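Computed from a predicted model, the values in this text were never measured in an experiment. By convention in this document, chain letters (A, B, ...) are assigned in the order of the sequence lines, proteins followed by strands, and residues within each chain are numbered from 1.
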Protein chains: 2
Amino acid sequence: MSYTYEYPRAALTVDCIVFGLDEDELKVLLIQRGIEPFEGRWALPGGFVQVDESVDTAARRELREETGVTDVFLEQLYTFGAVDRDPRERVVSVAYYALVNLSDHRIQADTDARNAAWFSVYDIPELAFDHARILEMAHERLRGKIRYQPIGFELLPPKFTLTRLQRLYEQILDTKLDKRNFRKKILKMELLEALDEVETDVAHRAAQLYRFNADAYNEKIRTGFNFEL
Amino acid sequence: MSYTYEYPRAALTVDCIVFGLDEDELKVLLIQRGIEPFEGRWALPGGFVQVDESVDTAARRELREETGVTDVFLEQLYTFGAVDRDPRERVVSVAYYALVNLSDHRIQADTDARNAAWFSVYDIPELAFDHARILEMAHERLRGKIRYQPIGFELLPPKFTLTRLQRLYEQILDTKLDKRNFRKKILKMELLEALDEVETDVAHRAAQLYRFNADAYNEKIRTGFNFEL
DNA sequence: TCAAAAGTGTTAAAAATACACCCATGG
DNA sequence: CCATGGGTGTATTTTTAACACTTTTGA
């Protein structure tokens with residue numbers, strides 16, 4: 001089977017940057033390539049966009065097929081369109097970034113039996129293609145966006161403590177935050193719902209658990225509220 | 001001449017949203033389509049990405065060919081990849097938005113002798129394809145970005161008055177700003193350089209002219225400064 | 001001399017920051 | 001009983017917001 005066009009066409013792919021928070025450390029899911037070019041190198045999960053699926057759908061499908069990740073926050077990042085970014089032929093790639101909650105996403109080995117592993121964003125091996133640049137841009141986007149959109153919660157389990165949330169912000173923004181001021185600010189937004197539950201299995205006073213209330217957020221947004229931390 | 005591939009491929013295009021400020025009104029440059037589909041409808045300037053040029057280059061080329069616009073701020077917006085966005089065949093489009101200074105860009109009729117015209121963003125005719133959605137997203141991006149990046153200056157001539165700058169912000173953010181507070185805030189950033197020149201040909205006291213100092217901005221950025229208005 | 005926009009400073013309110021101790025729990 | 005992190009309030013500084021009159025210029 002073959003397909004013929006009047007003009008040459010670029011191949012279209014998607015690449016996914018999957019961020020996860022592991023013990024307060026921001027990590028990225030990478031896959032070890034099993035084929036040339038860059039055989040053996042680590043790379044972002046991704047693959048070709050099929051002609052009968054939207055680009056968004058392709059990103060979700062690749063994510064599922066290569067990592068088993070489903071039902072997560074996924075947003076388009078940027079399209080990488082340099083002529084020589086793939087040594088084989090012209091390939092344009094639409095990059096997406098995903099935020100997953102590592103405690104319930106135990107990432108499975110991918111269907112192609114390639115190796116998948118989490119790496120700290122501060123200790124990334126040499127990557128295939130222009131994936132280092134893509135990852136850098138995704139990290140930058142995450143840092144920027146987390147301050148004015150409540151996306152940090154996507155990296156946490158549904159129930160979390162305020163300290164855990166604070167450490168998330170500290171890790172991603174690479175700063176120290178004052179505990180009292182952080183709590184004051186985030187609670188004043190009235191987006192977190194205190195549950196009738198506390199931490200368990202900790203060797204100290206158990207912390208209050210909270211849940212992010214997406215409905216409250218959407219309602220506030222409608223009436224001109226601006227999240228900002 | 002024809003080109004054959006093992007799998008079907010989407011066509012790849014670029015579309016450009018060109019914003020300009022005309023007498024304090026935010027306008028967009030549209031082109032009237034000369035061919036089916038949507039013949040006669042207004043649409044965003046754009047066209048096919050060639051296989052030997054980067055996507056960014058394609059955007060600049062189309063902008064030049066269709067509108068004569070060169071040397072302007074141009075930034076990737078988003079990639080639109082729904083399956084049925086073009087009724088003919090699968091077309092994925094990478095959208096870019098440009099900011100031009102209308103006083104020195106007298107837009108020329110495009111090379112294909114199609115009609116080009118400026119429309120107020122608040123009074124847009126029915127557009128071809130999903131261009132209404134693309135335009136909406138570009139407008140949203142502009143509104144968001146202008147508050148924390150000094151891109152508003154791209155819409156003004158190199159020398160401008162503070163009142164003109166204020167009206168730009170008022171138009172794009174759709175608010176009223178206080179004159180004294182606006183001036184205080186923007187001047188305190190030390191990004192505007194007062195010139196030894198004032199307005200001419202005005203029937204009232206001539207205003208001081210200023211210039212945006214990009215070098216100062218870059219220097220401040222390096223040392224952790226954050227533009228925000 | 002009039003019309004039109006330029007230019008300018010102070011006060012009050014709100015938000016951000018800095019900061020330290022007692023509490024509850026499990027080992 | 002001790003080590004560990006949980007939880008809390010106030011005072012100070014900084015930032016934002018509200019507000020009105022005089023000046024300059026050309027017509």
Side-chain angles (χ1 to χ4, degrees), chain A residues 21 23-25 103 146-148 150 156-157 159-171 173-211 220 223-229, chain B residues 21 23-25 146-148 156-157 159-171 173-211 220 223-229:
Chain A
L21 200 67
E23 298 294 328
D24 300 327
E25 200 183 16
S103 34
I146 204 172
R147 298 194 42 208
Y148 62 93
L156 296 180
K159 301 171 183 181
F160 51 84
T161 68
L162 292 182
T163 299
R164 189 125 171 70
L165 183 64
Q166 180 181 341
R167 285 193 313 239
L168 182 160
Y169 276 94
E170 289 178 334
Q171 165 77 7
L173 299 177
D174 198 20
T175 47
K176 275 310 264 177
L177 298 173
D178 179 87
K179 181 160 66 162
R180 282 181 284 195
N181 294 337
F182 177 81
R183 286 166 180 241
K184 224 180 303 170
K185 193 159 176 180
I186 197 97
L187 290 176
K188 194 153 115 228
M189 294 185 196
E190 301 185 296
L191 299 176
L192 297 188
E193 197 178 332
L195 302 170
D196 291 333
E197 269 180 271
V198 292
E199 270 183 313
T200 53
D201 301 318
V202 287
H204 53 78
R205 176 171 174 183
Q208 174 71 242
L209 287 171
Y210 291 84
R211 175 168 60 193
K220 277 172 183 282
T223 59
F225 167 83
N226 251 348
F227 182 91
E228 186 170 346
L229 207 128
Chain B
L21 199 66
E23 297 294 329
D24 299 328
E25 200 183 17
I146 205 173
R147 299 194 42 206
Y148 62 94
L156 297 179
K159 301 173 183 178
F160 51 84
T161 68
L162 292 182
T163 298
R164 189 126 171 70
L165 183 64
Q166 180 181 340
R167 285 193 313 238
L168 182 160
Y169 275 94
E170 290 178 332
Q171 165 76 7
L173 299 177
D174 197 22
T175 46
K176 277 307 264 178
L177 298 173
D178 178 88
K179 181 159 69 163
R180 281 179 285 192
N181 293 337
F182 178 81
R183 284 165 182 243
K184 225 180 302 170
K185 194 158 176 181
I186 197 98
L187 290 176
K188 194 153 111 223
M189 294 185 196
E190 300 184 298
L191 299 176
L192 299 188
E193 197 178 332
L195 302 172
D196 290 334
E197 266 178 274
V198 292
E199 271 183 312
T200 52
D201 300 318
V202 286
H204 53 78
R205 176 172 176 183
Q208 175 71 243
L209 287 172
Y210 290 84
R211 175 168 59 194
K220 278 173 182 280
T223 59
F225 166 83
N226 251 348
F227 182 90
E228 187 169 346
L229 206 127

Side chain of [X] only, heavy atoms from C-beta on: which candidate in [options] is closest?
X	options	result
A:Arg205	C:dA16, C:dC19, D:dG7	D:dG7
A:Lys179	D:dG7, C:dA6, C:dA15	D:dG7
B:Ala203	C:dG27, D:dG7, D:dA27	D:dA27

5′-ward residue of the pair A:Arg180/B:Ala207 relative to DNA chain C: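 The residue closer to the strand's 5' end, by nearest nucleotide, is B:Ala207.
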Base, sugar-phosphate, or nothing: which does [X] touch, judged by heavy atoms less than 4.0 Å apart?
X	result
A:Asp178	base
B:Glu199	nothing
A:Thr163	sugar-phosphate

Quick one: [X] [atom1] to [N] [atom2], roughly how many Å, whole number?
X	N	atom1	atom2	result
A:Phe182	D:dT8	CZ	P	14 Å
B:Lys185	D:dT14	NZ	C1'	13 Å
B:Asn181	D:dT15	CG	P	14 Å
A:Leu177	C:dA16	CG	P	13 Å
B:Leu165	C:dG7	CG	C1'	16 Å
B:Arg147	D:dT16	CZ	P	11 Å
A:Lys176	C:dC19	NZ	C1'	15 Å

Ignoring hydrogens and angles, are the base of C:dA6 and the side chain of B:Arg183 linked by a donor-acceptor pair under 3.5 Å?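 A donor-acceptor contact between them is absent.
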Polar pair under 3.5 Å, donor/acceptor by atom type, side chain A:Lys184, base D:dT10: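 Counting by modelled atom types and ignoring angles, a donor-acceptor contact under 3.5 Å is found here.
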Sub-4.5 Å side-chain heavy-atom contact between [X] and [Y]:
X	Y	result
A:Tyr210	A:Ile186	no
B:Tyr169	B:Ile146	yes
B:Arg164	B:Asp24	yes
B:Leu168	B:Phe160	no

Exactly one of B:Lys179, B:Glu199, B:Arg183, B:Gln208 should register a side chain to side chain donor-acceptor pair (under 3.5 Å) with B:Thr163. Which one does?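 Testing each of B:Lys179, B:Glu199, B:Arg183, B:Gln208 against B:Thr163, the sole residue satisfying side chain to side chain donor-acceptor pair (under 3.5 Å) is B:Arg183.
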